[in-house]
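Working notes, beginning with the structure itself.
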Protein chains: 2
Amino acid sequence: MVTTLADIAQHVGVDVSTVSIVLNDRPKAQRLLKETRQRILDAARELNYQSSFTARALASGKTSTLALVCGGIDNPYFAQIASTALEQAAKLGYHLLINAVRWEQEEERRGVQMLLSRQVDGMLLHTGCLNDDSPLLKQLIKDNYPIVMLNLPKRYQHVSEVYSDFYPGLLAAVTHLKALGHQQVHFVEYLRMKHQPVAPKSVTFDKVCRELGVKASVSYCDLSTEACMEKGRQLAESPHQAVIAYSDNATIGIINGLLELGRDVPGDMDVIGMDGTRWSEQYNPSLACVVQDDVQLISQSLEILLAKIKNPQMPCSHVAVPTSFRMGRSVGMG
Amino acid sequence: MVTTLADIAQHVGVDVSTVSIVLNDRPKAQRLLKETRQRILDAARELNYQSSFTARALASGKTSTLALVCGGIDNPYFAQIASTALEQAAKLGYHLLINAVRWEQEEERRGVQMLLSRQVDGMLLHTGCLNDDSPLLKQLIKDNYPIVMLNLPKRYQHVSEVYSDFYPGLLAAVTHLKALGHQQVHFVEYLRMKHQPVAPKSVTFDKVCRELGVKASVSYCDLSTEACMEKGRQLAESPHQAVIAYSDNATIGIINGLLELGRDVPGDMDVIGMDGTRWSEQYNPSLACVVQDDVQLISQSLEILLAKIKNPQMPCSHVAVPTSFRMGRSVGMG
DNA sequence: GTGAAAGCGCTAACAG
DNA sequence: CTGTTAGCGCTTTCAC
């Protein structure tokens, strides 16, 4: 049998509302008779009271639950993001519902809708398709619903966003490659970015190369392991000797492709990844990476989100989190 | 503004209960006037009705939510389990709350308590500490609360459980090593298992070796990357030439330790992992593994859990999911 | 300082 | 076939 407010009220001989006020430590609770308060607290402990989330949620309209909509956590990058988010949300007293979606308009829409009907207090959106053309996003913005968009390749005016600034990391990465003597560097970009009117990683890469006087070239590659390995095989046959790829996953696939054709990394090709998940460090050779600071990414996002939840008037924030360069055995030491 | 049952009822000119019955497609709905039904359905669509989870949960006592309590999903193994669980639960129309806990009694207890107060309909427990001495688990069992325990190293009578049977995978693995000419094989077991009165992986390993006439030895190693690398360095200096380790993560750490001291894998040492996460295949050399079937593990668990939720009388199930052996470059081809 | 009462949106008997 | 009624357990406003 589970204890309710009413049980405590009866036990102590007061009204449920009094109990509610005390257990939630509302301002008014201070003005209660000290003794009444103590008796309520004691009874709660004694009866092992656990407030009912569902009842509380219905009555208050708050669920103490946030949601993270992101790509599948079978992807190490998202697994790391989700892990960090889970941990930090818990620390802040929130539950986190993870909604893993494929990179697909309709699926993302349904996911968000479902979370809304669940009345999550706010959402972290780390998805690909929910852009500002989407009626759903427009609706959310109009309703002033608390959301923070994570790592979108495009800037939004009317929504809070937190994103990695790839400039410092890429600058250091290309600088390192240049120091190794490379006059040109090749960038493998995510295929989907090819036709999007946005500023993907390769744009920052181009800029960095221009500044450093390094010749830049770009090609495209999809997410699948097979596609990345194939890209690695292609690169093995190409004149390129320095490559940066859009994610750790892609980079590892590419290296596996290079190794398959008997190339040596970094002997024949210096390779740098992006993301810098903790696992990529375990790879052999350990991956040199442009590292995203997932802890900052999430903590900034949650801070903004909670601020908005507490005060709906809060204006939008736009926070860039700097990336850095991590050395690894996949490039020469210089 | 959000649409409620009452809005629809008013719009159509019927009572809320009628609307509820129709929209939930209860048996009785079939007996309604076809026209009334259609008008309700139309109105729901027109007003873009979304039922409130919180209200439904409070009234029905069901939350359409399950929980997975497991280790941190920054561990690839748990990330894979969580990913699979997320996907399958969604397919079954359930949300999944993931509660990542450290391997620690009190933290697990608090996690489970919190989930209970959230009234999740059932739980998948993949934790280390919640054994049958725990009063909380005893309580859950007594309350006939739907839980399924995943991959415990010990068998429980009064709780449903689903676990990997490591015998077939280890048998194939050791058989392969024997075929390569190894007279003895070393097993690296998880340190925590050392003093537990349970049947950890190394026990199955011992059994397999005995059957195959291979000399078995066992040592222990903790989870941390550093500990595993150190173990690898130790093994590099040891006479062992064939090693199996308790997880993919540990195995990769061990190989990195071996490589650090200039050993070749599999040239100097044949190494086999356990778990067989999708990422370990990407490692270099790709990991030969005793593979756990996470999809089966989860689908069986969910099936049992949902059966229990639907019918509390359902007796406990005890399901073993066979493992298999996956070849990889970390062992000789034979 | 404490209690009474209304209501959050939905479900589920039971009555008509 | 459809409506009535009574909650689910908690929050919150207002009255005593």
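All values below were derived from every heavy atom in this structure, side-chain atoms included, with hydrogens, water molecules and symmetry-related copies excluded. Here is the naming used below: chain letters follow the sequence lines, and residue numbers restart at 1 for every chain.
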| note | Given protein heavy atoms under 4.0 Å, the one-letter contact record of nucleotides 11-16 of chain C, with B base, S sugar-phosphate only and - none, is simply SB-B--
[X] [atom1] - [N] [atom2] separation (whole Å):
| X | N | atom1 | atom2 | result |
| --- | --- | --- | --- | --- |
| A:L23 | D:dG9 | CG | P | 16 Å |
| B:I40 | C:dC10 | CD1 | C1' | 15 Å |
| B:Q119 | D:dG9 | CD | P | 8 Å |
| B:K62 | D:dG9 | NZ | P | 14 Å |
| A:F53 | C:dG9 | CZ | P | 20 Å |
| A:L58 | C:dC10 | CG | P | 9 Å |

Contacts of [X] that satisfy salt bridge (charged side-chain N to carboxylate O under 4.0 Å, His left out) - sequence neighbours left out:
| X | value |
| --- | --- |
| A:R102 | A:E107 |
| B:E108 | none |
| B:R39 | B:E35 |

Just to verify, what does [X] make a side chain to side chain donor-acceptor pair (under 3.5 Å) with, not counting sequence neighbours?
| X | answer |
| --- | --- |
| B:Q119 | A:S52, A:T54 |
| B:H126 | B:Y77 |
| A:T65 | B:R118 |
| B:S299 | none |

| task | Take atom CD of A:Q157 as the centre, draw a 6.0 Å sphere, and report whether it contains more than 12 heavy atoms from other residues, nucleotides or ligands. | result | no
| So what stems show up for DNA chain C if we need 3 or more Watson-Crick or G-U pairs in a row, all under 3.5 Å? | C:1-16 with D:1-16
